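Below: the structure, in C-alpha cells.
In what follows, chains are A, B, ... by sequence order, proteins preceding strands, each numbered from 1. Here the structure is a predicted model, which means the values were calculated and not measured.
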Amino acid sequence: MTAYIVRRLLIGVLTAFLVALFAFGVVRIVPGDALMLQIAETSPRLTPADLARIRAEMGLDKPFVPQFLSWLGGVFRGDLGNSLWTGRPVLKEIARTLPLTLELAVLGLVVATLISLPIGILSAVKRNTLLDYALRFVAILGLSIPEFALAIVAILVLSLTVHWIPPTDYRSLVEDPLTNLQQMLLPALIVGFAMSAVSMRMTRSAMLEVLREDYIRTARAKGLPDRLVIMRHALKNAFIPVITIIGLQARRFMGATVIIETIFALPGLGRLTLDALLNRDFVQLQGNLLVIALLVVLVNLVVDLSYGWLNPRIRYG
Amino acid sequence: MRWGVTAGADYRPAPTLAWRWKRLVALARRNPAGAVSLGMILFIALVAILAPWLAPHDPSALGVGPRLSKPSLTYPFGTDNLGRDLLSRIIAGTRTALIVSSASVSLGVLVGTALGLVSGWFRGLVDDALQRLIDSLMAIPPLVLAMALVAVLGPGLWKLLLALAIFLLPAAARTVRGAVLSAREEVYVEAARAIGAPTLRILLRHILPNVTAPIIIVVTVHIGAVIISEAALSFVGLGIQPPMVSWGQMLSLARPFMESAPWLVAFPTGAIALTVLAFNFLGDALRDIWDPRLRGST
C-alpha cells in the first residue's frame, strides 16, 4: 500500500507540474504580438503605453522558459501576478470566488448521488423492463441537454409557471444561509442532474456486473432476502467503479460552472474564468486554469487513493 | 466440402449486397434504438446538406416577418426579435453544428490516432512521456481549454475547429494506444516484421485496421459533447460569429426576450438535445454491437 501511495503521489506531482506548464503555455501558443492584439482589440481604451506595460508585466518580451520559471517561482510564493483587468492580485480573486464553486460542487454531488444511486440500482435490478428503459432514456437525455440550455429552460419555466426567480443579489452561506440556499438550489439541481446521468449509467452497469458474481448467488442460496443481498453484498462492490468516475465528473463540473455561474449571476470561480476569457485577462486566466486543473488533479488523486484502499486488488498491481 | 484443413482457408462466399442488407436489417431489429437514432442522424445530415434549399427564408435576413411572432403556419417556428425566421435559422444552425463537429472530430481523431500509434508502438519512454502529457491535458476541463484557446487564438472558424478538436484527442489517443498494445503481439505483425516490412507500413496496414471499430465508437460517443461545446462556446460569444448561425448563439440572443417568446428558447434547445441524443443512442448501440463485454454499461 505504501508503495502504491508513494507512486501515485509522485505521478500526481509530475502531473501538477505539467498542468502548470499547460496552463501557462496555452496563453502563449501564439506569439506575444498576436496576444497583445487580442488584448488591444478587446479593450480599445488601452493606450500604447498601457499595452507596453502589460507586455512587460506578462514577460512577453522574454523567451518562454525564463517567463515560465519566473511565473512558477511566483506560484510557489503564492503570487500569481495581478489581473490585467482589475489590477487586483490573481490569487486573491481566486480565493474570493472559490468557496462558492466548492459549495456548488458539493451540493451538485449530493444531488447527483441522491438521483443516480437509487435509480441506477433500480435500473439494474429491474433490467430490460419498461422501467429500466425509461430510466435509461432519462439518463441519456441528461447527457444530451447542455447544462446551460437546461438552466435557461428551468429559469423560464419557473418564472412563467410559479413566478419564482432566484434572488439575484448574491449572499454567501455564512452571511445569509437561507437566501444562499435559495440561490444555489437551482444551479445545484442542474449540475447535479447532469452529473447523475453518468453516475447512474455507471451504477447500473457496475451493479449488473456484481449481480452475476458467485457470492451473490451464494447469498441468495442461503436464503437472504433480496433487499439485503442488494444493499449488503452487491452495492458495496458496485460502489467502487462509481467512485472512480467522480474524478471525471470533477472535470466536467469545472467546465459546466463557467457558464452555469454566469447564467445564475453567482460570483464563483467559473464566472471569474469566463470574465477573464471575455476580457482577455490572460494573467487571471492562466491562474484560474492552474487552480482548476490542480483541483481536478487533486480530486483524481484522492479518488485513486481511496480506490486502492477500497479495492485491495489494485494495491499490488 | 472441406477435405483437409488448410491454415487460413476460408470458404465463405464473398458477401453479396443482398446478404449485407439482410444482416443490416437483422442488426436493426436487435437494436431498435440504434436503428432509430441512425435514421435520425441521416435525417439531420440531410437537413444540414440541403440547408440552403430547405430554409424557407434567408436565416440572417431581418424583418422577414413581424417581430417575435408566435409559431404559425407561415412561420412554423415563429420569428425572433429582429423578425428573422426561426425555422430557417434552426436549419442553418444544423449545418453549422454538423460541419463544426465533424471537422473538429476528424481533426481530433487524426492527431489522437497518430499519438496513440506512436505511444503504443514504441512504448517505453516515449509512451510514458505522452501518457503523462495526456494525463495533464485531461486535467483541464475540455470546455474551459477550448474557450481559452479561442480567447488566445482569436475568432475564426478554423481556430474554433482546432480548439474543439481537443475533446477527442485524449480518448482517441488512449483507445488507439490500447489497441496497438494488444495488436503488436499478434503473429501477423511478427510475420510482417520478419519479412522486413517498414514500421510505417506495419502501423498503417496491419495495426490500424484493428483500431477502426473502437475509434468509431469514440467518435460517436464524443461527437455529442463536441456539439454541446460548440453551442456553449457560441452561447458565451467565443464560438460561431454572425453571419454564421449557431444554436448556442440563438439561445444567447433569445435570453432577453425569453419570457414573452419562449419558443426562441424551446427550438434551439430541442434541436441540440435531439441531435446529441441521436448520437448518444447510436454510440451506445455501436458499443453493444462491437464490444459485447460492455453491453448495457455506461
Side-chain angles (χ1 to χ4, degrees), chain A residues 11 14-19 21-23 26-30 34-35 37-38 41 127 140-141 143-150 152-153 155-156 159-160 198 201-202 204-206 208-209 251-256 258-259 262 273-274 276-278 280 282 285 288-289 292-294 296-297 300, chain B residues 33 132-155 221 224-225 227-229 231-233 235-238 247-248 251-252 254-255 258-259 262 264-266 268-270 272-281 283-284 294-298:
Chain A
I11 292 179
L14 180 64
T15 313
F17 172 77
L18 289 174
V19 153
L21 191 63
F22 269 117
V26 162
V27 176
R28 283 163 183 76
I29 50 170
V30 294
L35 205 61
L37 193 70
Q38 283 292 319
E41 274 182 5
R127 78 175 176 140
I140 292 199
L141 200 64
L143 285 178
S144 307
I145 304 183
E147 288 96 340
F148 69 92
L150 199 61
I152 291 179
V153 171
I155 293 177
L156 182 60
S159 82
L160 285 182
V198 182
R201 283 152 67 92
M202 196 70 195
R204 178 179 180 276
S205 67
L208 284 180
E209 200 108 306
R251 193 163 72 112
R252 194 188 150 137
F253 169 81
M254 292 310 297
V258 170
I259 299 185
T262 308
T273 308
L274 187 61
L277 281 163
L278 295 178
R280 305 294 191 272
F282 293 117
L285 178 63
N288 287 17
L289 286 179
I292 289 172
L294 285 183
V296 174
V297 170
N300 279 294
Chain B
R132 289 289 83 76
L133 277 177
I134 290 175
D135 267 353
S136 45
L137 185 68
M138 284 177 82
I140 304 177
L143 184 61
V144 180
L145 188 57
M147 285 178 176
L149 283 173
V150 171
V152 172
L153 295 171
V221 169
I227 292 175
I228 286 183
S229 307
L233 259 77
F235 179 76
V236 297
L238 286 168
W247 295 330
L251 271 175
S252 114
R255 279 190 76 194
M258 63 181 190
E259 288 189 16
L264 291 182
V265 169
T269 306
I272 299 171
L274 268 181
T275 309
V276 178
L277 198 65
F279 277 111
N280 282 345
F281 266 118
D284 274 14
L294 292 168
R295 197 152 281 170
S297 71
T298 53

Chain A contact via B:L133 - which portion, at a heavy-atom distance below 4.5 Å
both
Residue part contacting chain A, namely of B:I227, when any heavy atom lies under 4.5 Å:
neither
Cut-off 4.5 Å, heavy atoms of chain A, and the answer for B:I272 is both
Are any side-chain N or O atoms of A:R280 and backbone N or O atoms of B:A151, one a donor and one an acceptor, separated by less than 3.5 Å?
yes
When you check the side-chain N and O atoms of B:N280 and A:S144, is any donor under 3.5 Å from an acceptor?
yes
Is it the backbone or the side chain of A:L35 that comes under 4.5 Å from a heavy atom of chain B, or both, or neither?
side chain
What part of B:V236 is in contact with chain A, defined as an atom under 4.5 angstrom from a non-hydrogen atom: side chain, backbone, both or neither?
both
Taking every heavy-atom pair that is under 4.5 Å apart, which of A:T15, A:V258, A:V19, A:I140 has the most such pairs with chain B?
A:I140
Pair count under 4.5 Å, heavy atoms only, with chain B: among A:N300, A:L21, A:L285, A:V27, highest is A:V27
Taking side chain as C-beta onward, heavy atoms only, is B:L149 less than 4.5 Å from A:I29?
yes
A:L160 portion near chain B, given a 4.5 angstrom heavy-atom threshold:
side chain
Part of A:L14 within contact of chain B (heavy atom distance under 4.5 Å):
side chain
Side chain, backbone, both or neither: which part of A:L37 has a non-hydrogen atom closer than 4.5 Å to chain B?
neither
